[in-house]
There are 2 protein chains.
Amino acid sequence: MELSDRKKAILQAIIEDYIQSAEPVGSRNIAKNHDLGLSAATIRNEMADLEEMGYLDKPHTSAGRIPSEMGYRFYVDSLMHRYSLTMEEITSLQSSMDRKYSQLENVISEISEIISKTTNYPAIVELPAENSCRLKSVKMMLIEQGSVLIVVVTDAGVVRNRHMKVGSNIDYEVVDSISEFLSGQLTGLCAEDFTPARLMLIYEAMASYGDFLKTVIEFVLECLGNSKSRVYIGGASNILNNPEFENIDRAREFLTFIDRKENVSRMLSLTESGNDEHISIKIGSENQAPEMRDTSLVVANYNVGGKLYGKIGIIGPKRMNYARVVSSLELINSQLSEILSRMLYGDKE
Amino acid sequence: MELSDRKKAILQAIIEDYIQSAEPVGSRNIAKNHDLGLSAATIRNEMADLEEMGYLDKPHTSAGRIPSEMGYRFYVDSLMHRYSLTMEEITSLQSSMDRKYSQLENVISEISEIISKTTNYPAIVELPAENSCRLKSVKMMLIEQGSVLIVVVTDAGVVRNRHMKVGSNIDYEVVDSISEFLSGQLTGLCAEDFTPARLMLIYEAMASYGDFLKTVIEFVLECLGNSKSRVYIGGASNILNNPEFENIDRAREFLTFIDRKENVSRMLSLTESGNDEHISIKIGSENQAPEMRDTSLVVANYNVGGKLYGKIGIIGPKRMNYARVVSSLELINSQLSEILSRMLYGDKE
DNA sequence: GTTAGCACTCGAAAAGGTTGAGTGCTAACA
DNA sequence: TGTTAGCACTCAACCTTTTCGAGTGCTAAC
């Protein structure tokens, strides 16, 4: 059953008042503060209807109404207006992100700080996970007598390295020739191409360096394997600024939940991924975790060079200013993509 | 003025009872639960003395006594017994740390999780900072047409890398010869050795690749520069399990403080560093932050290969089981040193 | 269909009362 | 002289009761 325009207007007024005040909204307030041309009594009738239809809840008989999850869902899908960030907000955000980042980990933690400062909610940043990697380059270098560094580059642009102890009989030239050889054998392969038959050939060709080869190949495979996506959470304590977390037990329950990264990962995996532009909003129980019952998750996807995927987002009370959060995340997201592609692929701005 | 043995025994009893119960301790309870052979009235007199001397506080007239900061200080310095972890505790801790770590960041976050799980307090892990680096090795590799990877290894065993875009005129052999050349020129140097005169010579020798050289040298310098130590905090919500944080405003104040890494860094810098074995305890206001007024910081130093330094620790209520925390940190610390040296220098166990 | 009016509901906050753990002090005791 | 029993006093914590007011649902009039 379709909602009449009048019901929509009332629903919107209630939700927006509630987002603002965190107090159940009564019919009188709606009549007074919104120019709907209706009396409190009429609004009361409509509210009773909206409640019956499932868009509103009542904490108890003599309180006002609060939006139900269905109400919020309808609001973000159909009623919410776009929020335009002010010029100051935009420039301040941009300038806070306009600095030189040298390491991936730094970017992640800085970004999460920026997100939580901008929105005043706990921020989530997912470290990019590599997808379907091919080996672009593998090289060994003798660092000093007995110690070799393995460097692996995948086509996602990700570089990893590992130290390896080797016998002192191995000198510069041996390392170079093994490096050359393995590079020729392995470049361009993905994990599935490492068949026993192929490995056998490699080992046979350089049988006297079996241990050496084995360590390198193991490491390469580790790099090609789908890396676990990692999750970073910043500004968790921000959630305590919201009246729904005045209760210490509730606060503890939520913060303990958030502290465990696997919980956050699981929720992130429930949000849509892929499409660069899309922002997904999961309200309360849609996150399938009881600890999230009065919070929502807002997530944006980023994507660098078509190879690296990740997500950024926030967790706020269901009663959050969705429009504003969405706009902020969109802006931060686009900046982040730029920073990362500059950093990982050396693109000039 | 020296404390009599009897006063010491009473002080210790009070502190240990308070650590256990978090409730002000009364004279009657001490008399009943501890075999001091004294009546409540006598203990009352001694308590009045201890209060006058500054070792005890009274929340209000008709409550029991609680230890003052001076009381805690005296306790950890002179009264506290060593706590011996049980065999089960030791083996369970060891087995939880006995897995393969592949990346530094993983170790850090896993360790912080282990610390906070073991102690039930928020954990702090400081990422190792490098000291006084020398360049051990620098190498460039052509990853694909137009894209070069710079790999830098310092004598602290730390490896960093960066992508660099180059003109398409630069091929495999050019990269190799520049790599060879720079390696010869720069290996063994520390940041101070990069004098203008020396740089001039380098630029002149390969004038046609000026941009290329400049980028590499900048990156090398960045790697040699003292890296900012970074701090990782895990299990912050654990603090909420303690009755001193029942009050939501107090909880928010503390968690907000802890969320800002620079606050934690500043506190860490107040603790002693250097000596590998030493554990330092800062009680309440000794941390010089009002937000820490009823918490203590317990920190252990670790040190890998004489080159990498860092700290691990916890923040708990002043009323924590110091003895137990100290023992746990000692054990975790020694395991961590092993893990890191294995990882960074490839040492076999 | 809309609105004014009114009785009713129920949580939040304020006010008052009770309880009990703990203290300090005094006087008696070894 | 140090120790102890006894007693009056204090005060936060808890419980109960009362008051208050925002909000509702329903009815009757417009």
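Letters A, B, ... mirror the listed sequences (proteins, then strands); counts begin at 1.
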Notebook entry, point to check: Under a 3.5 Å cutoff on both atom distances, Watson-Crick or G-U, what's the dot-bracket for DNA chain D ([ ] crossing, | other strand)?
Noted result: ||||||||||||||||||||||||||||||

Notebook entry, point to check: Between C:dG11 and A:K58, is there an OP1 or OP2 to side-chain N/O distance shorter than 4.0 Å?
Noted result: no

Note to self: Expressed as a whole number of angstroms, how long is the span from A:E246:CD to C:dA13:P?
What the structure shows: 11 Å

Margin query: How many whole angstroms separate atom CG of A:D17 from atom P of D:dG23?
Written below: 11 Å

Item checked: Aromatic plane relationship, A:F254 with A:F245 - under 30° parallel, 30 to 60° tilted, over 60° perpendicular -> tilted

Item checked: Aromatic plane relationship, A:Y72 with A:Y18 - under 30° parallel, 30 to 60° tilted, over 60° perpendicular -> tilted

Considering only nitrogen or oxygen atoms on both sides, find all protein atoms under 3.5 Å from nucleotides 19-21 of chain C and state each distance.
none

Check: Roughly how many Å is it from CD in A:E51 to C1' in D:dG25, rounded to a whole number?
Finding: 11 Å

Note to self: Could you go through A:S296 and A:K282, starting from their C-alpha distance and side-chain angles, then the distance that decides it, and tell me whether this counts as side-chain contact (heavy atoms from CB on, under 4.5 Å)?
What the structure shows: CA-CA 6 Å; A:S296 291; A:K282 295 281 175 192; over 6 Å; no

Notebook entry, point to check: Of all residues at least two apart in sequence or in a different chain, which pass the side-chain hydrogen bond (donor to acceptor under 3.5 Å, both in side chains) check with B:Q12?
Noted result: B:E16

Notebook entry, point to check: Rounded to the Å, how far apart are B:E52 CD and C:dT23 P?
Noted result: 16 Å

Checklist line | Euclidean distance, B:H278 NE2 relative to B:S280 OG, rounded to 0.5 Å | finding: 6.5 Å

Using a cut-off of under 3.5 Å, enumerate the N/O to N/O pairs linking the protein to nucleotides 3-5 of chain D.
residue: D:dT3; atom: OP1; partner: B:R6; partner atom: NH1; Å: 2.5
residue: D:dT3; atom: OP2; partner: B:R6; partner atom: NH1; Å: 3.4
residue: D:dT3; atom: OP2; partner: B:R6; partner atom: NH2; Å: 2.9
residue: D:dT4; atom: OP2; partner: B:S39; partner atom: N; Å: 3.1
residue: D:dT4; atom: OP2; partner: B:S39; partner atom: OG; Å: 3.2
residue: D:dT4; atom: OP2; partner: B:T42; partner atom: OG1; Å: 2.4
residue: D:dT4; atom: O5'; partner: B:S39; partner atom: OG; Å: 3.4

Check: Could you give the CG-to-C1' distance, from A:L56 to D:dG23, as a whole number of Å?
Finding: 14 Å

Check: For A:E46, which of A:K7, A:R65, A:K8 qualifies under salt bridge (Lys or Arg N to Asp or Glu O under 4.0 Å)?
Finding: A:K7

Next item on the list: Would you mind reading off the distance between B:I14 atom CD1 and C:dT23 atom P, rounded to a whole angstrom?
Entry: 9 Å

Notebook entry, point to check: Just by distance, do the side chain of A:R293 and the backbone of A:P290 share a donor-acceptor pair under 3.5 Å?
Noted result: yes

Next item on the list: Please report, rounded to the nearest Å, how far the P atom of C:dG22 is from the CD1 atom of B:I66.
Entry: 14 Å

Next item on the list: In whole angstrom, give the distance that lies between atom NE2 of A:H60 and atom P of D:dG21.
Entry: 16 Å

Next item on the list: Check salt bridge (charged side-chain N to carboxylate O under 4.0 Å, His left out) between A:E246 and all other residues, then give those that pass, not counting sequence neighbours.
Entry: none

Notebook entry, point to check: How about B:E330: does its CD atom have over 12 heavy atoms from other parts shown lying under 6.0 Å from it?
Noted result: yes

Note to self: Can you list everything that forms a side-chain hydrogen bond (donor to acceptor under 3.5 Å, both in side chains) with A:N287? Sequence neighbours excluded, please.
What the structure shows: none

Next item on the list: Could you check B:T61 against A:R65 and say which one's nearest nucleotide on DNA chain D is further toward the 5' end?
Entry: B:T61

Note to self: Can you confirm whether more than 12 heavy atoms, excluding those of A:D35, are under 6.0 Å from its CG atom?
What the structure shows: no

